[in-house]
Amino acid sequence: LYVCAVFVNGFACKDPKTALVEDFFFSGLHMAGNTSNKQGSAVTAVNVAQIAGLNTLGISLARVDYAPYGQNPPHIHPRATEILTVLEGSLYVGFITSNPENKLFSKVLNKGDVFVFPQGLIHFQFNYGTNKAIAIAALSSKNPGVITIANTVFGSNPSISGDILAKAFQVDKKMVDHIHAQFSEYAT
């Protein structure tokens with residue numbers, strides 16, 4: 001008997017006859033993430049890696065915790081649009097359109113407010129308050145992916161040439177070297 005697993009976007013489709021309730025369940029969004037890091041935020045993802053039953057359904061979500069003045073730094077989701085709902089606190093959020101306009105769309109959100117970040121556009125969230133903030137993000141993909149801009153550019157392994165980055169950011173190479181050093185933990 002030959003058994004062949006079918007993969008959809010890198011994840012195996014399970015035979016419905018062997019599905020379990022655990023394939024459709026996740027527990028943990030009631031727990032705050034650890035925000036004691038350089039960014040002051042924590043993302044608890046709930047996607048196909050956590051819930052196998054999401055495979056092919058085109059949805060996922062995440063809880064995002066923000067310390068006072070914490071941020072979810074500029075990033076993109078290459079495979080999803082995001083809709084964010086503030087559950088607690090206030091957030092300054094925004095996204096930037098593509099070249100050549102590079103227009104910033106931003107807003108201060110309070111508890112119960114909702115904001116949409118279009119697929120593939122750089123976006124961010126910042127807790128400008130002195131209290132913690134919490135948000136839930138729903139995404140239009142079972143596996144939205146995330147590319148954090150600074151980590152990717154300055155923490156790549158191997159590193160992008162400092163000369164290239166100095167020219168791209170129009171700064172001195174010493175500044176690029178300094179920034180590279182801040183992200184060296186990502187390049188391991």
**Asked** Just by modelled atom types, is the Asn143 backbone N or O under 3.5 Å from a matching donor or acceptor in the Arg79 side chain?
**Response** yes

**Request:** Given salt bridge (Lys or Arg N to Asp or Glu O under 4.0 Å), test Lys173 with Asp177 step by step and report yes or no.
**Result:** CA-CA 6 Å; Lys173 186 174 175 305; Asp177 293 341; 3.2 Å; yes

**Prompt:** Is there a chain of hydrophobic side chains (I, L, V, M, F, W, Y, each step under 4.5 Å between heavy atoms) that links Tyr128 to Leu104?
**Reply:** yes

**Request:** Determine yes or no for a side-chain-to-main-chain donor-acceptor pair under 3.5 angstrom, with Ser140 supplying the side chain and Ala80 the backbone.
**Result:** no

**Message:** Between Thr97 and Glu101 (side chain of the first, backbone of the second, donor and acceptor by atom type, cut-off under 3.5 Å), is there such a pair?
**Reply:** no

**Complete:** The side chain to side chain contact (heavy atoms under 4.5 Å, CB included) partners of Leu84 (sequence neighbours excluded) come to Tyr66, Glu82, Leu91, Val93, Leu109, Phe117, Gln125, Ala135, Ala137

**Asked** Do the side chain of Thr35 and the main chain of Asp65 share a donor and acceptor less than 3.5 angstrom apart?
**Response** no

**Asked** Ring centroid separation for Phe95 and Phe105, is it under 6.0 angstrom?
**Response** yes

**Complete:** Ala45 meets the side chain to side chain contact (heavy atoms under 4.5 Å, CB included) criterion, sequence neighbours left out, with Asn47, Gln50

**Prompt:** Does the pair Ile59 and Leu139 meet the rule for a side chain to side chain contact (heavy atoms under 4.5 Å, CB included), with working shown?
**Reply:** CA-CA 6 Å; Ile59 59 170; Leu139 299 115; over 6 Å; no

**Asked** Judged by modelled atom types alone, do Asn34 and Ser36 share a side-chain donor-acceptor pair under 3.5 Å?
**Response** yes

**Asked** With sequence neighbours excluded, what pairs up with Leu20 under the side chain to side chain contact (heavy atoms under 4.5 Å, CB included) test?
**Response** Lys14, Glu22, Asp23

**Prompt:** What residues form a salt bridge (charged side-chain N to carboxylate O under 4.0 Å, His left out) with Asp172, not counting sequence neighbours?
**Reply:** none

**Prompt:** What do the steps show when you test Arg63 against Ile136 for side chain to side chain contact (heavy atoms under 4.5 Å, CB included), and what is the final call?
**Reply:** CA-CA 5 Å; Arg63 172 187 170 139; Ile136 291 288; 4.0 Å; yes

**Fill in**
Those residues at least two apart in sequence (or on a different chain) that pass side chain to side chain contact (heavy atoms under 4.5 Å, CB included) with Leu61 are Leu29, Val46

**Item:** Side chain Ser159, main chain Ser161, donor-acceptor under 3.5 Å
**Value:** no

**Asked** Does the side chain of His75 come within less than 4.5 Å of His123's, by heavy atoms?
**Response** yes

**Message:** Clusters formed by hydrophobic residues whose side-chain heavy atoms approach within less than 4.5 Å: which one holds Val146, and what are its other members?
**Reply:** none

**Asked** Can you tell which of Asn131, Asp113, Asn110, Asn127 makes a side-chain hydrogen bond (donor to acceptor under 3.5 Å, both in side chains) with Ser90?
**Response** Asn110

